[in-house]
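Structure record follows, encoded as structure tokens.
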2 protein chains.
Amino acid sequence: MSDLLERLRGRGWRMTAQRRVVAEVLDGDHVHLTADEVHARAVDKLPEISRATVYNTLGEMVSLGEVLEVSTDRRAKRYDPNAHRPHHHLICGRCGAIRDVHPAGNPLADLPAEERYGFTVSGVEVTYRGLCPSCAAAA
Amino acid sequence: MSDLLERLRGRGWRMTAQRRVVAEVLDGDHVHLTADEVHARAVDKLPEISRATVYNTLGEMVSLGEVLEVSTDRRAKRYDPNAHRPHHHLICGRCGAIRDVHPAGNPLADLPAEERYGFTVSGVEVTYRGLCPSCAAAA
DNA sequence: ATCCTACAATGGACAATGTCTAAGTCAAGC
DNA sequence: GCTTGACTTAGACATTGTCCATTGTAGGAT
């Protein structure tokens, strides 16, 4: 069953059919869905679920740290259920495909104090851009 | 005068009052503006300039590689005239302030071939997240 | 200096994404 | 099985960005 669902239950979440469906969609093999894609898949399982609920639920999962938001392009935010294994992203600039990657090195350590301008730095995102094999072949 | 304007002229751009104004706004000391902020400042100098023109002009500057698009959050894209010096960004998660930073290290070299999945990797963006001094003090 | 024409600007409709609200519904504890 | 407050709903609204038909104009040609 859904690890995500287990963790959410353990945090005192009221368990509703809608939330269960959203969690199940995210836990499927299709990762990095947009909010509307999540909604479309959720509707397949629970036709009366509303768009607002999907947005709310995704937002709550993000707040709880169970799901990551990925803003890769000018289009919609995407949701990444792989929140518990740190990773970065590799994105195809043509078709928008996303892969999780695990580069070497520690970018946080690469930012010296004099380049922090007094900020409290809490995280870093690394986004590689390029073309996936199929798009590169089509180009 | 405007370096940006000079470069654009040199590329055979037809020089119009609107484009001049947009270039001047970007070349000012206020960097990382959103498209609508650029429009607001442009209207101060040229009241009849339209929103579509600002969007078009910014898009053209990005295509020519003279300006960078920065998609930092769920809000609007921001435009960075500092396209000719490679750099990354440090962003306050509360107020949205952005600083240019120059970390050590080479993230592109940190992505081994077996983590590239056949992609042609052409670039990398590094985004540090945290709180700026004023927001940290207010927290 | 004036004219032509292709390129640019305009403004308003439209699209995509996300947020909010008021009212109804339901999970979970008693 | 009640009660209660959190959850869901539908749709209006907000923001950001794009498109298109029309009008205007920069810059070369005459």
Side-chain angles (χ1 to χ4, degrees), chain A residues 5-6 8-25 32-64 66-80 96, chain B residues 5-6 8-26 32-64 66-80 96 98:
Chain A
L5 215 48
E6 296 296 326
L8 293 171
R9 207 194 312 269
R11 286 167 184 259
W13 250 30
R14 182 186 283 190
M15 194 47 56
T16 68
Q18 290 83 353
R19 287 175 169 181
R20 207 181 332 263
V21 164
V22 171
E24 284 169 3
V25 167
H32 304 118
L33 299 171
T34 66
D36 268 354
E37 285 165 353
V38 172
H39 179 233
R41 288 165 195 269
V43 163
D44 288 344
K45 305 187 179 202
L46 187 68
E48 69 275 24
I49 193 170
S50 82
R51 218 162 55 94
T53 297
V54 172
Y55 276 93
N56 288 340
T57 304
L58 288 171
E60 288 156 11
M61 288 174 175
V62 170
S63 296
L64 291 176
E66 294 292 345
V67 168
L68 291 180
E69 253 179 25
V70 188
S71 298
T72 56
D73 52 6
R74 53 187 157 294
R75 324 281 282 133
K77 281 180 291 194
R78 291 174 178 277
Y79 292 90
D80 184 342
Chain B
L5 216 46
E6 295 298 327
L8 293 172
R9 207 194 311 270
R11 286 168 183 259
W13 248 33
R14 182 186 285 191
M15 193 48 55
T16 67
Q18 291 84 352
R19 287 175 169 183
R20 208 181 331 264
V21 164
V22 171
E24 283 170 3
V25 168
L26 279 183
H32 302 120
L33 299 170
T34 65
D36 268 355
E37 285 166 354
V38 172
H39 180 233
R41 288 165 195 270
V43 163
D44 289 344
K45 305 188 178 197
L46 187 68
E48 68 276 22
I49 192 171
S50 82
R51 216 163 54 92
T53 297
V54 172
Y55 276 93
N56 288 341
T57 304
L58 289 172
E60 287 156 12
M61 288 175 174
V62 170
S63 296
L64 290 176
E66 293 292 346
V67 167
L68 290 180
E69 255 179 23
V70 189
S71 298
T72 57
D73 53 5
R74 53 187 154 295
R75 324 280 284 131
K77 282 180 289 191
R78 291 174 177 277
Y79 291 90
D80 183 343
I98 304 181

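Each chain gets a letter, A, B and so on, in the order the sequences are listed, and its residues count up from 1. Here the structure is a predicted model, which is why all the values come from computation and not from measurement.
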### Query
If each of Trp13(B) and Tyr79(B) is mapped to the nucleotide of DNA chain D with the nearest heavy atom, which maps nearer the 5' terminus, i.e. the 5' end?
Tyr79(B)
### Query
From dA10(D), dT8(D), dT10(C), pick the nucleotide closest to the side chain of Thr53(A)?
dT8(D)
### Task
Return the value, rounded to whole Å, for the distance between atom CD of Gln18(A) and atom C1' of dT25(C).
10 Å
### Task
Starting at atom CD of Glu37(A), determine the distance to atom C1' of dA16(C), rounded to an integer number of angstrom.
13 Å
### Query
At under 4.0 Å, does any side-chain N or O of Arg51(B) touch on OP1 or OP2 of dG11(C)?
no
### Message
Here's a test of your reading of the structure: between Met15(A) and Ala17(B), which maps to the more 5' nucleotide of DNA chain C?
### Response
Ala17(B)
## Note on the structure
Among dT10(C), dA12(D), dA10(D), the one nearest any side-chain atom of Asn56(B) is dT10(C)
### Query
If we only count heavy atoms from C-beta on, is the Leu8(B) to Glu6(B) side-chain gap below 4.5 Å?
no
### Message
Let's see if you can work this out: which of dA9(C), dG17(D), dC20(C) has an atom nearest to the side-chain heavy atoms of Thr57(B)?
### Response
dA9(C)
### Task
Among dG11(C), dT9(D), dT16(D), find the nucleotide with the atom closest to the side chain of Ile49(A).
dT9(D)
### Query
With a 4.0 Å cut-off on heavy atoms, is Thr16(B) in touch with a base, just the backbone sugar-phosphate, or nothing at all?
sugar-phosphate
### Query
The side chain of Lys77(A) lies closest to which of these nucleotides: dC20(C), dG18(C), dG12(C)?
dG18(C)
### Message
Would you say that Val22(A) contacts Ile49(A) through its side chain, given a criterion of any heavy-atom pair below 4.5 Å between the two side chains?
### Response
yes
### Candidate nucleotides dT9(D), dA9(C), dT17(C), ranked by approach to the side chain of Asp36(A) - the nearest
dT17(C)
### Task
For Leu8(A) and dC7(D), give me the distance from atom CG to atom C1', rounded to whole Å.
15 Å
### Message
If we ignore hydrogens and angles and just use 3.5 Å, is the side chain of Arg19(A) paired with the main-chain N or O of Arg14(A) as donor and acceptor?
### Response
yes
### Task
Give a yes or no on whether a donor-acceptor pair under 3.5 Å exists between the nucleobase atoms of dA6(D), that is its base, and the side chain of Arg14(A).
yes
### Query
Just how far, in rounded Å, is P of dT19(C) from NE2 of His39(A)?
15 Å
### Query
Rounded to the Å, how far apart are Tyr55(A) OH and dG11(D) C1'?
14 Å
### Task
Take the protein atom CG of Leu58(A) and the nucleotide atom P of dC7(D), then report the distance between them rounded to whole Å.
15 Å
### Contact summary for Tyr79(B) and Thr34(B), nearest pair of heavy atoms
CD1-C, 4.4 Å
### Summary
NZ (Lys77(B)) and OH (Tyr55(B)) are apart, to the nearest 0.5 Å, by 8.0 Å
### Task
Consider the side chain of Glu48(B), meaning its heavy atoms from C-beta on, and name the nucleotide among dA26(D), dA28(C), dT10(C) that approaches it most closely.
dT10(C)
